[in-house]
> 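Pasting a structure here, questions to come.
Small disclaimer: the values here were computed from a predicted structure and weren't measured. Residue numbers start from 1 in every chain, and the chains themselves are labelled A, B, ... in the order their sequence lines are given, proteins ahead of strands. Just the heavy atoms: all of them, side chains too, but no hydrogens, waters or symmetry mates, feed the values below.
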Amino acid sequence: MNATPLHRWDVTYREAVAIQEDLRGKLILRDDGALDSIRTVAGADISYEKGSDLFFAAVVLMDFPGLGLLEEAACSARVSFPYIPGLLTFREGPPLLAAFAKLGQTPDFVLFDGQGIAHPRGIGLAAHLGLLLDLPAIGCAKSRLVGSYGPVGEKRGSHAALICGDRQVGAVVRTRERTRPIFVSQGHRIALPKAVTLVLSCCRGYRLPEPLRQAHLAVNRLRMGQVSAPHSDPLAKNR
DNA sequence: GCGACAG
DNA sequence: ATCTTGTCGC
């Protein structure tokens, strides 16, 4: 019955690959009905000090399409899995999921800073975590992991297909003029056209969509040990 | 064997 | 990702 082994994070390289190969088939790459009436969006990011195994993760929840901050959840955690291209999920996944667990509300879709299916085994961080969270998810990477693409138009909103093998695995999107494009790919429960549209509607004059920008700012404030939220200490629930 | 390589 | 200083351009 249970063809899927229990998911584990303390794995070897080989086990991690096996988990990815097992989970990739469970991804849903079509638009989900939940995307018909979007009210909220979340963005998540990680930050840590060089050479340290103490990671900080933050998730911001914003209303959509207004993009006003609704909630912020954060967490710190020890990480031992090294950075290996293609296995980023096993390094950043646990802290990110811990932060999501503290979020009071469930977002209608999530933006991750990493690849969705534009990945060697078709399941990057955004796809993997979208699947585990069972939420529509989109991968927004700042650089390429796999695939090739042609020139991207100069205007905001222009995009080129990201091709890997004989498949389109994503889109290279110009979210801001005179700035390098970002790599958008399906994570889970969403089709590519909608993913591109949503990412663009989350941009507010910056290269990165607002949920990811805010999560990035939040996680860095956190690491710098600053008091950020007006109402609560993001790490208060840890104590 | 060599180059590529999300964060 | 992080480190690191100044600097060029809109």
> Side chains of residues 124-136 of chain A: which donor-acceptor pairs under 3.5 Å do they make with residues two or more places apart or in other chains?
unit_1: A:His128; atom_1: NE2; unit_2: A:His7; atom_2: NE2; d: 2.8
unit_1: A:Asp134; atom_1: OD1; unit_2: A:Arg189; atom_2: NH1; d: 3.0

> In residues 113-125 of chain A, which ones come under 4.0 Å of DNA chain B, going by heavy atoms?
A:Asp113, A:Gly114, A:Gln115, A:His119, A:Gly124, A:Leu125
> Does the ring of A:Tyr48 carry A:Arg91 above it, NZ/CZ under 6.0 angstrom from centre and within 45° of its axis?
yes
> Do A:Glu15 and A:Arg8 sit within salt-bridge range, that is, some charged N less than 4.0 Å from a carboxylate O?
yes
> A:Thr40: which residues meet the side chain to side chain donor-acceptor pair (under 3.5 Å) condition with it, sequence neighbours left out?
none
> Expressed in angstrom and rounded to an integer, what is the separation of A:Leu222 atom CG from C:dA1 atom P?
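These atoms are roughly 16 Å apart.
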> Near DNA chain C, which residues from residues 142-178 of chain A have a heavy atom under 4.0 Å away?
A:Lys142, A:Arg178
> Could you tell me whether A:Phe81 and A:Trp9 have their ring centroids closer than 6.0 angstrom?
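For A:Phe81 and A:Trp9, the ring centres are not under 6.0 Å apart.
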> In the single-linkage hydrophobic clustering (I, L, V, M, F, W, Y; side-chain heavy atoms under 4.5 Å), do A:Phe100 and A:Val79 co-cluster?
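Same cluster: A:Phe100 reaches A:Val79 through Ile, Leu, Val, Met, Phe, Trp or Tyr contacts under 4.5 Å.
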> Near DNA chain B, counting only heavy atoms under 4.0 Å, which residues of residues 81-100 of chain A show up?
A:Tyr83, A:Pro85, A:Gly86, A:Leu87, A:Leu88, A:Glu92
> Only pairs under 3.5 Å count here: list side-chain donor-acceptor contacts from residues 192-202 of chain A, not counting sequence neighbours, and write none if there are none.
unit_1: A:Thr197; atom_1: OG1; unit_2: A:Pro193; atom_2: O; d: 3.0
unit_1: A:Ser201; atom_1: OG; unit_2: A:Thr197; atom_2: O; d: 3.1
unit_1: A:Ser201; atom_1: OG; unit_2: A:Leu198; atom_2: O; d: 2.8

> Can you classify the ring geometry of A:Tyr149 versus A:Phe183 as parallel (below 30°), tilted (30 to 60°) or perpendicular (above 60°)?
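Ring orientation of A:Tyr149 relative to A:Phe183: perpendicular.
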> Indicate yes or no: does A:Asp108 engage A:Arg39 in a salt bridge with an N to O separation below 4.0 Å.
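The answer is no: the pair does not qualify as a salt bridge.
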> So which residues get pulled into A:Leu145's cluster when ILVMFWY side chains under 4.5 Å apart are joined, directly or through others?
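ILVMFWY cluster around A:Leu145 also holds A:Val146.
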> Pairs under 3.5 angstrom, nitrogen or oxygen only, protein versus nucleotides 2-5 of chain C, please.
unit_1: C:dT2; atom_1: OP1; unit_2: A:Ser47; atom_2: OG; d: 2.8

> Start with the C-alpha gap between A:Arg207 and A:Thr175, add the side-chain angles, then the distance that decides, and say whether side chain to side chain donor-acceptor pair (under 3.5 Å) holds.
CA-CA 5 Å; A:Arg207 181 188 182 218; A:Thr175 52; 5.5 Å; no
> Applying the side-chain contact (heavy atoms from CB on, under 4.5 Å) criterion to A:Asp45, which one of A:Asp113, A:Leu212, A:Leu217, A:Val59 satisfies it?
A:Asp113
> Below 4.0 Å from chain A heavy atoms, what is the first contacting nucleotide of DNA chain B and what is the last?
B:dA4 to B:dG7
> In which ranges does DNA chain B form stems of 3 or more consecutive Watson-Crick or G-U pairs, distances under 3.5 Å?
none
> Quick check on the hydrophobic clustering: are A:Phe112 and A:Val41 connected, directly or via other members, by side-chain heavy-atom contacts under 4.5 Å?
no
> Determine the minimum heavy-atom distance between A:Ala160 and A:Pro151, stating which atoms define it.
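So the minimum-distance heavy-atom pair works out to CB-O, 3.7 Å.
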> At a cut-off of 3.5 Å, list every protein nitrogen or oxygen paired with a nitrogen or oxygen from nucleotides 6-9 of chain C, distance to 0.1 Å.
none

> Does A:Leu27 belong to the same Ile/Leu/Val/Met/Phe/Trp/Tyr cluster as A:Phe109, with side-chain heavy atoms less than 4.5 Å apart forming each link?
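Different hydrophobic clusters.
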> How would DNA chain C look in dot-bracket form, 5' to 3', counting Watson-Crick and G-U wobble pairs with both distances under 3.5 Å and writing | for bases paired to another strand?
..........
> Let's go through A:Glu71 and A:Lys102 carefully: what are the C-alpha distance in whole Å and the side-chain angles of both, what is the deciding distance for salt bridge (charged side-chain N to carboxylate O under 4.0 Å, His left out) to 0.1 Å, and is it a yes or a no?
CA-CA 10 Å; A:Glu71 191 183 339; A:Lys102 293 185 177 180; over 6 Å; no
